[in-house]
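Structure, as structure tokens:
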Number of protein chains: 2
Amino acid sequence: MNIPAKSEIKRKDLIRATIQLVNNNGFHATPMSKIAKMAGVSAGTIYLYFENKQDLVNQVYIEVKSAFTRYAFKNYEEGMEVEEGFKIIWKNIAEFKLQEVEEAFFLSQCDNSPIIDEAGRQEGLKHLQPLLDLWKKGQKQGLIKEVSPYTLYAFSIYPIAFLMNMQQRGSLRLNAHNIDAAYEMAWNSIKK
Amino acid sequence: MNIPAKSEIKRKDLIRATIQLVNNNGFHATPMSKIAKMAGVSAGTIYLYFENKQDLVNQVYIEVKSAFTRYAFKNYEEGMEVEEGFKIIWKNIAEFKLQEVEEAFFLSQCDNSPIIDEAGRQEGLKHLQPLLDLWKKGQKQGLIKEVSPYTLYAFSIYPIAFLMNMQQRGSLRLNAHNIDAAYEMAWNSIKK
DNA sequence: ATTAAATGAATGAACGTTCATTTTTATATT
DNA sequence: AATATAAAAATGAACGTTCATTCATTTAAT
């Protein structure tokens with residue numbers, strides 16, 4: 001196990017603080033001074049780790065997005081049957097959004113607003129390639145509807161974000177039973 | 001035909017400007033001075049129509065949300081068969097999001113961020129009641145899955161917002177054929 | 001003793017909001 | 001119809017605050 005350098009600890013603290021504050025107040029209503037205070041450093045220190053505020057949130061976005069992707073493809077291998085593979089990935093994503101609430105909420109806020117510039121967004125999109133490949137394979141095998149990957153994503157993955165938001169607001173309580181039902185709906189919508 | 005008072009024209013101009021600017025820059029990155037300039041009034045004038053900035057976006061939100069709801073239930077009547085009624089409402093919502101892009105984009109941004117305070121959000125939620133009633137009827141008749149209305153919404157309505165965002169970013173081009181396919185996916189996910 | 005890391009007060013730009021003043025509109029008087 | 005007067009609407013410069021960023025100085029590490 002690597003012992004992280006102190007500087008790396010501070011960087012993580014800053015990222016954690018940014019996520020929390022942006023979740024609660026939004027990007028522009030989150031002053032650098034508060035981020036610094038929450039991370040336990042002084043205002044100027046942020047600029048040793050990040051160029052400026054925009055660079056800070058870009059880096060946070062990319063970091064969280066790739067944590068998400070790592071989580072999404074846990075236990076998944078390319079050789080798998082289409083339905084089995086999809087189920088694993090779907091459940092991973094659901095689990096991430098329920099376990100890592102702060103990070104998931106941050107992502108959904110970024111993905112639905114102009115906070116992140118186009119460069120950061122492109123960077124974040126790449127990572128879902130294995131899922132797109134799986135869908136393509138499923139379409140070749142006649143298992144999955146012949147619609148664009150965006151449409152498949154819209155009906156099978158995107159709804160998870162809504163469920164998470166509702167749970168976050170206390171309007172909904174998700175348990176294993178609910179999640180199984182939701183998975184069935186996702187699969188029913190994309191299967192041929 | 002009513003001729004709107006001049007003051008009402010200015011109010012509408014301010015609302016239109018707010019939608020456009022918040023869509024492009026986000027709420028906090030949209031100064032009152034720019035809203036005023038785009039609406040063709042001076043900064044101080046805004047405060048004759050709205051208490052303050054928060055009140056402005058709250059009112060914009062409520063106004064756009066109720067325009068959306070009116071659109072959603074066009075040609076719908078309570079006596080209808082469940083599947084027919086759902087199809088009409090679904091297509092209305094899709095049409096709104098494709099025709100009234102600015103307004104739809106504004107709503108999706110508000111619904112995924114802390115811009116709108118809880119009061120405004122509650123106000124906006126009420127309006128979907130007829131759809132919730134229709135779903136309840138469908139569940140009684142054994143036509144629709146026995147899951148919470150949030151879950152039904154997540155899989156059948158919420159995806160439309162994603163498709164619209166992608167079309168807005170040029171990643172996707174929606175035509176009548178696409179939309180029919182998308183409707184099938186929505187129905188497949190919620191039907192029993 | 002040298003280098004690197006961190007600090008936090010200072011700076012200047014930008015913002016929301018106010019209000020004394022001006023401009024426009026409506027009403028009354030000749 | 002023309003003019004005078006009052007009321008309403010609109011203006012935009014000014015105010016106080018907040019913010020991102022900088023940098024001379026201090027503290028810690030090597």
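Chain identifiers are assigned alphabetically (A, B, ...) following the order of the sequence lines, protein sequences preceding nucleic acid strands; residue numbering begins at 1 within each chain.
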Roughly, in whole Å, what's the span from CG in A:Leu21 to P in D:dA20? 11 Å
Can you check the A:Lys53 NZ to C:dA14 C1' distance for me, whole Å? 13 Å
Are more than 12 heavy atoms from other residues, nucleotides or ligands located less than 6.0 Å from atom NZ of B:Lys137? yes
Can you tell me how the ring of A:Tyr153 sits relative to the ring of A:Trp135, calling it parallel under 30°, perpendicular over 60° and tilted otherwise? perpendicular
Give the rounded distance in Å between these two atoms: CG of A:Asn25 and P of D:dC19. 10 Å
When you measure from the centre of the six-membered ring of B:Tyr71, is the NZ or CZ of B:Lys74 closer than 6.0 Å and no more than 45° off the axis? yes
Mind running a 4.0 Å heavy-atom check of residues 32-44 of chain B against DNA chain D and sending the residues that fall below it, in number order? B:Val41, B:Ser42, B:Gly44
Can you check whether B:Tyr158 and A:Tyr158 have ring centres sitting under 6.0 Å from each other? yes
In the single-linkage hydrophobic clustering (I, L, V, M, F, W, Y; side-chain heavy atoms under 4.5 Å), do A:Ile115 and B:Val22 co-cluster? yes
Measure the distance from CD on A:Glu8 to P on C:dA5 and round it to the nearest whole Å. 13 Å
Does B:Lys53 count as lying over the ring of B:Phe27, i.e. NZ or CZ under 6.0 Å from the six-ring centre, within 45 degrees of the axis? yes
B:Lys145 vs A:Glu184, salt bridge (charged side-chain N to carboxylate O under 4.0 Å, His left out): CA-CA, chis, key distance, verdict: CA-CA 10 Å; B:Lys145 289 211 175 81; A:Glu184 287 306 319; over 6 Å; no
Phosphate contact (D:dA9 OP1 or OP2) by B:Tyr49 side-chain N/O below 4.0 Å: no
Between the two ends of the helix from C:dA1-D:dT30 to C:dT30-D:dA1, what is the bend in degrees, rounded to 10 degrees, where each end axis spans five pairs? 0°
Mind calculating the distance between CG (B:Leu48) and C1' (C:dC19) to the nearest angstrom? 11 Å
With sequence neighbours left out, write down each residue that passes salt bridge (charged side-chain N to carboxylate O under 4.0 Å, His left out) with B:Asp180, or none if nothing qualifies. B:Lys91
Of the candidates D:dC19, C:dT7, D:dA10, the side chain of A:Thr45 sits closest to C:dT7
Using the six-membered ring wherever Trp is involved, compare the ring planes of B:Phe96 and B:Phe68 and label them parallel, tilted or perpendicular (cut-offs 30° and 60°). perpendicular
Return the value, rounded to whole Å, for the distance between atom CD1 of B:Ile46 and atom P of C:dC15. 13 Å
B:Phe50 CZ to C:dG16 P, in whole Å, measures 15 Å
Using atom NZ of A:Lys10 as one end and atom C1' of C:dA4 as the other, report the distance to the nearest whole Å. 12 Å
